[in-house]
Protein chains: 2
Amino acid sequence: MVAADTPHAGAQRSGTGVRRPTLHDVAARAGVSKSLVSLALQGSDKVAPSSREAIMAAADELGYRPNRTASSLVRQRTHTIGVHILDLHNPVFAEILDGVQEGVRGHGYSTLLVTGNADPTIERTEITRLLESRVEGLILIAHRLSDADLALIAAEAPTVVITWRTDGIAGLDSVAGDDLAGARLAVDHLIALGHARIAHVSGGDNRIARERRTGYERAMIDHGLQPLVVDGAFTEQGGYAGAEAAVDSGATALVVANDLAAIGALAALRARGLRTPDDVSVVGYDGMRLLDSLDLTTIAQPLADMGRAAADLLMERIATPDRPSVHRQVDTRLVARGSSGLSLGPR
Amino acid sequence: MVAADTPHAGAQRSGTGVRRPTLHDVAARAGVSKSLVSLALQGSDKVAPSSREAIMAAADELGYRPNRTASSLVRQRTHTIGVHILDLHNPVFAEILDGVQEGVRGHGYSTLLVTGNADPTIERTEITRLLESRVEGLILIAHRLSDADLALIAAEAPTVVITWRTDGIAGLDSVAGDDLAGARLAVDHLIALGHARIAHVSGGDNRIARERRTGYERAMIDHGLQPLVVDGAFTEQGGYAGAEAAVDSGATALVVANDLAAIGALAALRARGLRTPDDVSVVGYDGMRLLDSLDLTTIAQPLADMGRAAADLLMERIATPDRPSVHRQVDTRLVARGSSGLSLGPR
DNA sequence: ACCAGGCGTTGGAACGTTCCAATTCCCAGG
DNA sequence: CCTGGGAATTGGAACGTTCCAACGCCTGGT
């Protein structure tokens, strides 16, 4: 028993005043130097068993908790990676995030999470914050940044973009499916079921939406069919409105830009008294888990795997910062469920 | 122009070697002391305009980026709060997280996010990690910790538990709806629609599930009806299996433990060729956004608001660590949609 | 001509670690 | 009895900030 004025276990209140015990305090109580405490706590084998015991006991009694900020400062490593997520509302991103979490935890990293609410300005400031916190890498689960901004960011920290291919930026890797091919899968599937009036409910004006739309258009043309694109968005509301417009134009099948919008489309059809798939077939895109229960056909991507792959890629780049950029393409496949079925022919 | 050996803007590669510029470097280039640079960067008004300009220019040219870890160390503030989320797969938690993010960002905080995958051991180690990172507060979006663990944690950092009321632990506040009353709302609604054979698909063996179950049972008994509880879980699979068991027992209406399970229940009914609400009515619990499109009746909680409320509570407690514990109860209401309707009477 | 006082600026200590170089201690070998 | 050397331990510098006390300088009042 030493130093009556050092705080002791559990006693300090959460808030003001009472300083948390440091290495010094533990050292004083154990009767050794702070260096030895540091060594012991790191599990070094050059600490005498007797000292180790005394140190552990002291640390325990004081409720000592190492200070990572101090440690980070001197080691020049934070063991933290920054994650930016475009939109927490979309379960798809949450599923990717889940994979990311699992992947980085496996490597002993924590995640600092930010959202930009799809606003490039907020996105930039939030990412700046991550950079100031000296994250060792960055994973962007979709973003709205320009290539120039992206290059600046990637120059400061290894970065992985999930959701679309990004080439030609040093220090940056990407993970994505092939949206062109995926959209074609949907079209082929519906044609095989006998549909001809297949419409596309678009995802708005952004990179992924354009890609999927193009894939749809090309596939239609290749089959000698007339593309029909109606405006939508990557939201339930977007899918709802788009589906209405599409059936108004006489479509018997819908290739919807993403799953969320497909759920909205289904609601629109239901509201109109149209049955799925008897009257109108629907195919979504992304492959979120929930769709299984909703019996919705979709172009599925291995979401959690994408997150894990991004984590792996990032770890590799942290280890080898100068290696060339890598794009990891995940496979996209059609998961046929009840929302797509035999067409009853043009009405 | 000074110091030819200092790194210059954009030039340093992301990885090895090249040291990032520090206050010293900026100071050297601007021809002033590091103290003045620090002052200028903090926007102090006691820096001469000429110096300020020179400093800003130098910082810019060097691509200077303040180091938050160093700053945190000396200021004893990290401006970071730790968030633990039980399960990223459940959109409900994501919606709460979204509110949390918004709430803390408004106060200039970042979030360090971890998941424990519903395993108390992982949960503890992940939260330990947060504590070591010296987060200034903790928000637990559901957890599996014991009260003892919780008390230990709350003694180290202000903590808010979302999802159920937690009393009697110093330094800890909570935000939740009234599950007892909520379950009663569901029962009342179904009885008003003429149902009598109302079953409850439970959420398994955990605190919330028990609460909702008890609410259901009491409401049934108060109405002179016989409770019928079938085992389920807070997952689609749980709801699916539970719904099968319930209809086998002749139920015409289902109060399902949460929305995810309700979606599963709907799938089970569909698979059996039962129509909703004509054959069987279904009521979920939680109020996730998606349900609107799915036309599923639910006992709704203001999820994002709960997240924001937790953030506010945490900010208050950080400001006043010693104030008494607060429980913020949010209101729970029935949102009637198509999945619940008039009963056709007992079959 | 001198001094008070404000403004702008500066050096240095501190934050809590890690890690290197140096020191002490002890024992075996000569 | 001395010495060499390994094991155990230690002091101190460093990491990049913040902030305090103190400094020099200029201006204006007397």
Side-chain angles (χ1 to χ4, degrees), chain A residues 6-7 17-55 58-59 62-80 129 131-136 156, chain B residues 6-7 17-56 58-59 62-80 129 131-136:
Chain A
T6 45
V18 204
R19 205 172 49 82
R20 305 220 36 172
T22 71
L23 273 188
H24 272 99
D25 302 318
V26 177
R29 176 171 262 253
V32 296
S33 74
K34 62 168 184 19
S35 305
L36 196 61
V37 175
S38 174
L39 239 31
L41 258 27
Q42 287 169 71
S44 159
D45 57 346
K46 28 190 48 183
V47 177
S50 59
S51 313
R52 151 162 293 120
E53 248 172 71
I55 290 168
L62 291 176
Y64 172 73
R65 177 87 66 200
N67 185 329
R68 262 176 195 259
T69 47
S71 165
S72 294
L73 186 57
V74 50
R75 306 180 84 154
Q76 304 281 65
R77 302 223 30 202
T78 55
H79 286 283
T80 301
R129 195 195 202 59
L131 258 12
E132 290 183 358
S133 298
R134 292 296 188 269
V135 293
E136 294 180 27
E156 288 197 50
Chain B
T6 45
V18 203
R19 206 173 49 83
R20 305 224 32 174
T22 71
L23 274 189
H24 272 99
D25 302 316
V26 177
R29 176 171 261 254
V32 297
S33 74
K34 63 170 183 16
S35 304
L36 195 61
V37 176
S38 174
L39 240 29
L41 260 27
Q42 287 169 71
S44 160
D45 57 346
K46 27 189 51 183
V47 177
S50 61
S51 313
R52 152 162 292 120
E53 249 172 71
I55 290 168
M56 292 309 183
L62 292 176
Y64 172 72
R65 178 86 66 199
N67 185 329
R68 259 176 198 262
T69 47
S71 166
S72 294
L73 186 57
V74 51
R75 303 181 86 154
Q76 303 282 65
R77 303 223 29 201
T78 55
H79 286 283
T80 300
R129 195 192 202 60
L131 258 13
E132 290 183 359
S133 297
R134 293 294 188 269
V135 293
E136 294 179 27

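In what follows, chains carry the letters A, B, and so on, assigned in the order in which the sequence lines appear, proteins first and then strands, with residues in each chain numbered from 1.
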Rounded to the Å, how far apart are B:Leu36 CG and C:dC7 P? 15 Å

Of all the choices, C:dT17, D:dT18, C:dT9, which nucleotide is nearest to the side chain of A:Lys34 once you look at every atom? C:dT17

Spacing of A:Glu53 atom CD relative to D:dA8 atom P, expressed in whole Å: 15 Å

Heavy-atom pair with the smallest gap, counting every atom of B:Ala30 and B:Ala54: CB-O, 3.9 Å

At a cut-off of 3.5 Å, list every protein nitrogen or oxygen paired with a nitrogen or oxygen from nucleotides 4-7 of chain D, distance to 0.1 Å.
none

Interatomic distance, B:Arg75 CZ vs D:dT18 P [rounded to whole Å]: 6 Å

Could you give the CZ-to-C1' distance, from A:Arg77 to D:dG16, as a whole number of Å? 18 Å

Test side-chain contact (heavy atoms from CB on, under 4.5 Å) on A:Arg19 and A:Asp25 and set out the steps. CA-CA 11 Å; A:Arg19 205 172 49 82; A:Asp25 302 318; 3.4 Å; yes

Tell me the bend of the helix from C:dA1-D:dT30 to C:dG30-D:dC1 as the angle between end helix axes, each from five pairs, rounded to the nearest 10 degrees. 70°

Is there a side-chain contact between B:Arg68 and B:Thr80 in this structure, where contact means two heavy atoms from C-beta onward sitting under 4.5 Å apart? no

Heavy atoms, side chains only, cut-off 4.5 Å: are A:Arg65 and B:Arg134 in contact? yes

Of the candidate nucleotides C:dT18, C:dT10, D:dG16, which contains the atom at the shortest distance from the side chain of B:Thr22? D:dG16

How close do B:Thr78 and A:Thr69 get, heavy atom to heavy atom, and via which atoms? CG2-CG2, 4.2 Å

Please report the interatomic distance NE2(A:His79) to CZ(B:Arg129), rounded to the nearest 0.5 Å. 8.5 Å

Whole angstrom is fine here: how far is it from NE2 in A:His24 over to C1' in D:dG11? 10 Å

For DNA chain D, find the residues of residues 65-73 of chain A with a heavy-atom distance under 4.0 Å and give them by number; none if there aren't any. A:Leu73

B:Gln76 side-chain N/O to D:dT18 phosphate OP1/OP2 under 4.0 Å: no

Show every donor-acceptor pair shorter than 3.5 Å between a side-chain atom in residues 40-53 of chain A and any protein atom, with sequence neighbours excluded, or say none if there are none.
from    : atom 1 : to      : atom 2 : distance (Å)
A:Gln42 : NE2    : A:Ser38 : O      : 3.1
A:Gln42 : NE2    : A:Ser38 : OG     : 2.9
A:Ser44 : OG     : A:Lys46 : N      : 3.1
A:Arg52 : NH2    : A:Ser44 : O      : 2.7

Without decimals, in angstroms, what is the distance between A:Asp45 CG and D:dT9 C1'? 14 Å

Going by heavy atoms in the side chains, are B:Ile55 and B:Leu39 under 4.5 Å from each other? no

In whole angstrom, what separates A:Leu23's CG from D:dG11's P? 14 Å

Only counting residues at least two apart or in another chain, list the ones meeting side chain to side chain donor-acceptor pair (under 3.5 Å) with B:Ser133. none

Looking at B:Ser38, I'd like to know whether one of its side-chain N or O atoms comes within less than 4.0 Å of OP1 or OP2 on D:dT17. no

Taking CZ from B:Arg52 and C1' from C:dT9, how many angstroms apart are they, rounded to a whole number? 14 Å

Closest contact, heavy atoms only, B:Tyr64 versus B:Thr22: CE1-C, 3.6 Å

For B:Ala70 and A:Leu73, work out which heavy atoms get closest and say how close. CB-CD1, 3.7 Å

Listing time: all N or O pairs from protein to nucleotides 20-25 of chain D that are below 3.5 Å?
none

